[in-house]
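Structure, as structure tokens:
Because the structure is predicted, anything quoted here is derived from the model rather than measured. Numbering starts at 1 and runs along the sequence shown.
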Amino acid sequence: MADDPFENMLAQMDRAEEYADVDHGVFERLKHPERTLKVTLPVELESGEVEVFEGYRCQFDSARGPFKGGVRFHPSVTQREVEALAGWMTWKTALVDLPYGGAKGGVICEPKDLTERDLERLTRRYTEGIRRMIGPETDVPAPDMNTNPQTMAWMMDTYSMYEGHSIPQVVTGKPLEIGGTPGRVEATGRGVSLVTERLFEYLDRDLSDASIAIQGFGNVGSNAARLLDESGANVVATSDVTGAAYDRDGLDVAALGAHVDAGGLIEEYVAGEYRGGADGSSWDNPDAITNAELLTLDVDVLIPAAVEGVITDENVGDLRASAIVEAANGPTTVAADKALTERDIQVVPDILANAGGVIVSYLEWVQNAQEFSWPLETVNAELERRIGTAFDETIEQYDAKDLPDLRTAAYTLALERTAKAHEYRGLFP
């Protein structure tokens, strides 16, 4: 892997060390995950074949509370990637001041090649493989790339079967009917939208009519696009694995969302094959561009909302966005980050921009523990309060310490909070 995500995370930490009030010994300790489990998962597929998959669960740091982090199903999953994502989760929960440590899980697979029954069997086998590591007070998984509320329902059921009673708080991101919370599915995208609005307020610019390009139209990108569109921003481009759609006057986000919800792809949408319902009459065909071209559009905000490592030293010189809001985990390499700082392009880092999901996961976990549920308005208000506070604290750190960029400001806060927890708890034995 050309850009190792774990090395990327360590470099981000190193960049913040000189500004953070953290003992060097504690800082070195923060660079190492507490444990990583690799599991072998033989699964009998619906076709009758037996395929052996590999999966991981990394628990990075528990000083601030139980481990928390998603599970992804993707062909590119590696142990290093899972460990990097667990580290980023640690800094994210500390930055938004949740009583959690960071974890992450992943299974190497191509979900598109598996049936629903195959995915269920794989999920249950993976859950059995990691079940001695997880638990409502130990480690609480959640959805991530290519996993969803149904995946979490299978995980919860598998864990509960072994325990002999229903334990909804072992995972978050569940369907509402079995202990999920309203607002969780769109929470990450909502957080991205809120942070983008706060960035424009800080820069004293008007979000209405601002041009925005969003790489990735999955759960996070589509919800961010919808909410930013409703805020008056002009979403001019978005993409999926098949390509990107671009309209300088603004995409019809609602029509595109309906098309994708109906199982459509963006390459079909730009070709005029609209699946979003009967009335496609008001919808103009946007231009087809590549994912690489989307990244270099002349827009006010670029939101990478797909996979890590898409903004690199090879393409950063071509980027023309005025600001970047990182909806994906680790989308910017360290070399590209330095170049963006030198060009004075503001980057809202992933550990702040995409923290909406873990905030609402925390709210779901709390509701499950209390056996009490809150309405959507309460959940959204608490999300806005918590991510807004974290944004303000990051800006305050950035301005007060005259830091080079917002990522360094966010890491400084997160590292200091995690280190303080370590210092109070001490070293056992």
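- A donor-acceptor pair is defined here as one N or O able to donate and one able to accept, closer than 3.5 Å; such a pair exists between the side chain of Asn368 and the backbone of Gly179.
- Contact of the Ile134 side chain with the Val140 side chain is not registered, since no non-hydrogen atoms from C-beta on lie closer than 4.5 Å.
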Determine, stepwise, if the pair Ser193 / Glu230 fulfils side-chain contact (heavy atoms from CB on, under 4.5 Å). CA-CA 10 Å; Ser193 173; Glu230 290 172 5; over 6 Å; no
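- Residue Asp21 qualifies as open at atom CG: its count of foreign heavy atoms under 6.0 Å is 12 or below.
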So Glu416 and Gln397, side-chain contact (heavy atoms from CB on, under 4.5 Å) or not? Walk me through it. CA-CA 12 Å; Glu416 286 178 350; Gln397 189 90 334; 3.9 Å; yes
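- Leu406 contributes atom CG, which lies 10.5 Å from atom CD of Glu326 (distance to the nearest 0.5 angstrom).
- Counting heavy atoms from C-beta outward, Leu415 and Thr418 have side chains that stay 4.5 Å or more apart.
- Considering all non-hydrogen atoms of both residues, Ala224 and Val192 come closest at CB-CG1, 4.0 Å.
- Taking 4.0 Å as the cut-off between side-chain N and carboxylate O, Glu128 and Arg124 do not count as a salt-bridged pair.
- Residues Arg386 and Val96 are not in side-chain contact: their nearest non-hydrogen atoms beyond the backbone lie 4.5 Å or more apart.
- Put simply, the side chain of Arg425 gets close to the backbone of Ala63: a donor and an acceptor are under 3.5 Å apart.
- Ionic pairing of Glu18 and Lys401 is not present here: no N-O contact between side-chain nitrogen and carboxylate oxygen is shorter than 4.0 angstrom.
- Residue Asn291 holds its CG atom at 3.5 Å from OG of Ser239, rounded to the nearest 0.5 Å.
- Residues Pro182 and Leu176 are in side-chain contact: their nearest non-hydrogen atoms beyond the backbone lie under 4.5 Å apart.
- Contact annotation: the side chain of Val71 never approaches that of Asp144 to less than 4.5 Å [non-hydrogen atoms, C-beta and beyond].
- The two atoms that bring Thr394 and Ala409 nearest to each other are O-CB, 3.5 Å, heavy atoms only.
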Could you check Ser160 against Asp157 for side-chain hydrogen bond (donor to acceptor under 3.5 Å, both in side chains), going step by step and ending with a plain yes or no? CA-CA 5 Å; Ser160 297; Asp157 182 69; over 6 Å; no
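- When every heavy atom of Cys109 is checked against every heavy atom of Leu122, the shortest pair comes out as SG-CD2, 3.9 Å.
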Show your working on side-chain hydrogen bond (donor to acceptor under 3.5 Å, both in side chains) between Gln79 and Tyr56 and close with a plain yes or no. CA-CA 7 Å; Gln79 181 174 331; Tyr56 303 95; 5.0 Å; no
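- Lys174 places a side-chain N or O within donor-acceptor distance of the main-chain N or O of Pro168, the cut-off being under 3.5 Å.
- In this structure, CE on Met155 lies 8.5 Å from OG1 on Thr147, to the nearest 0.5 angstrom.
- In this pair, Tyr362 and Tyr100 present their aromatic rings perpendicular. The plane angle is above 60°, beyond the 30 to 60° band.
- A donor-acceptor contact shorter than 3.5 Å is absent between the side chain of Arg125 and the backbone of Leu41.
- Within a 6.0 Å radius of CZ in Arg248, other residues, nucleotides and ligands contribute 12 heavy atoms or fewer.
- For the pair Glu268 (side chain) and Leu265 (backbone), a donor-acceptor distance under 3.5 Å is present.
- Judged purely by atom type and a 3.5 angstrom limit, Glu197 has no side-chain atom pairing as donor or acceptor with the backbone of Leu194.
- To the nearest 0.5 Å, the span separating CD on Glu137 from CZ on Phe67 amounts to 14.0 Å.
- In this structure, a donor-acceptor pair under 3.5 Å is present between the side chains of Ser211 and Asp300.
- Side-chain atoms of Val22 and Glu17, non-hydrogen and from C-beta on, never get closer than 4.5 Å to each other.
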Between Gln12 and Trp88, is a side-chain hydrogen bond (donor to acceptor under 3.5 Å, both in side chains) present by the stated rule, with each step listed? CA-CA 10 Å; Gln12 291 168 344; Trp88 280 319; 2.9 Å; yes
Trace of the salt bridge (charged side-chain N to carboxylate O under 4.0 Å, His left out) decision for Asp23 with Lys420: CA-CA 10 Å; Asp23 175 79; Lys420 186 64 72 178; over 6 Å; no
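- Side-chain atoms of Asp392 and Thr389 include no donor-acceptor pair closer than 3.5 Å.
- Under the 30°/60° scheme for interplanar angles, the aromatic rings of His259 and Tyr269 are found to be tilted.
- Phe73 and Tyr126 have perpendicular rings, their planes meeting at more than 60° on a 0 to 90° scale where under 30° would count as parallel.
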Start with the C-alpha distance between Lys338 and Glu342, add both sets of side-chain angles, then the distance that settles salt bridge (charged side-chain N to carboxylate O under 4.0 Å, His left out), and finish with yes or no. CA-CA 6 Å; Lys338 289 177 181 173; Glu342 287 165 8; over 6 Å; no
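- Atom NZ of Lys38 is surrounded by 12 or fewer heavy atoms from other residues, nucleotides or ligands within 6.0 Å.
- For Asp229 (side chain) and Val253 (main-chain N/O), no donor-acceptor pair under 3.5 Å exists by modelled atom type.
- Here the side chains of Val299 and Val236 are in contact, with some heavy-atom distance below 4.5 Å.
- With a 4.5 Å cut-off on side-chain heavy atoms, Gln367 and Phe372 do not count as touching.
- Here Arg29 does not pair with Glu423 in a salt bridge; the nearest charged N to carboxylate O distance is not below 4.0 Å.
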Tell me, with the steps shown, if Arg226 and Glu186 meet salt bridge (charged side-chain N to carboxylate O under 4.0 Å, His left out). CA-CA 10 Å; Arg226 177 178 57 81; Glu186 62 270 23; 5.3 Å; no
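- When each of Arg57, Arg131, Arg132, Lys104 is paired with Asp139, the salt bridge (Lys or Arg N to Asp or Glu O under 4.0 Å) condition holds for Arg57 and for no other.
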Stepwise side-chain hydrogen bond (donor to acceptor under 3.5 Å, both in side chains) test for Asn354 and Lys92: CA-CA 9 Å; Asn354 68 24; Lys92 188 184 305 182; 2.7 Å; yes
Mind running salt bridge (charged side-chain N to carboxylate O under 4.0 Å, His left out) on Arg15 and Asp337 for me, showing each step along the way? CA-CA 11 Å; Arg15 203 168 172 200; Asp337 222 7; 3.7 Å; yes
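- Across Met133 and Gln59, no two heavy atoms sit closer than the pair O-NE2, 3.1 Å.
- When every heavy atom of Ala327 is checked against every heavy atom of Val220, the shortest pair comes out as CB-CG1, 3.9 Å.
- Rounded to the nearest 0.5 angstrom, Thr172 OG1 and Glu364 CD are separated by 5.0 Å.
- Note: Thr40 OG1 to Phe53 CZ = 12.5 Å, rounded to the nearest 0.5 Å.
- The pair Arg72-Glu81 counts as a salt bridge, with a side-chain nitrogen and a carboxylate oxygen less than 4.0 angstrom apart.
- Heavy-atom neighbours of Glu384 CD from other residues, nucleotides or ligands within 6.0 Å: at or below the threshold of 12.
- Here the closest heavy-atom approach between residue Ala414 and residue Ala94 is recorded as O-CB, 3.7 Å.
- When the shell of 6.0 Å around CD of Glu314 is examined, it contains 12 or fewer heavy atoms from other residues, nucleotides or ligands.
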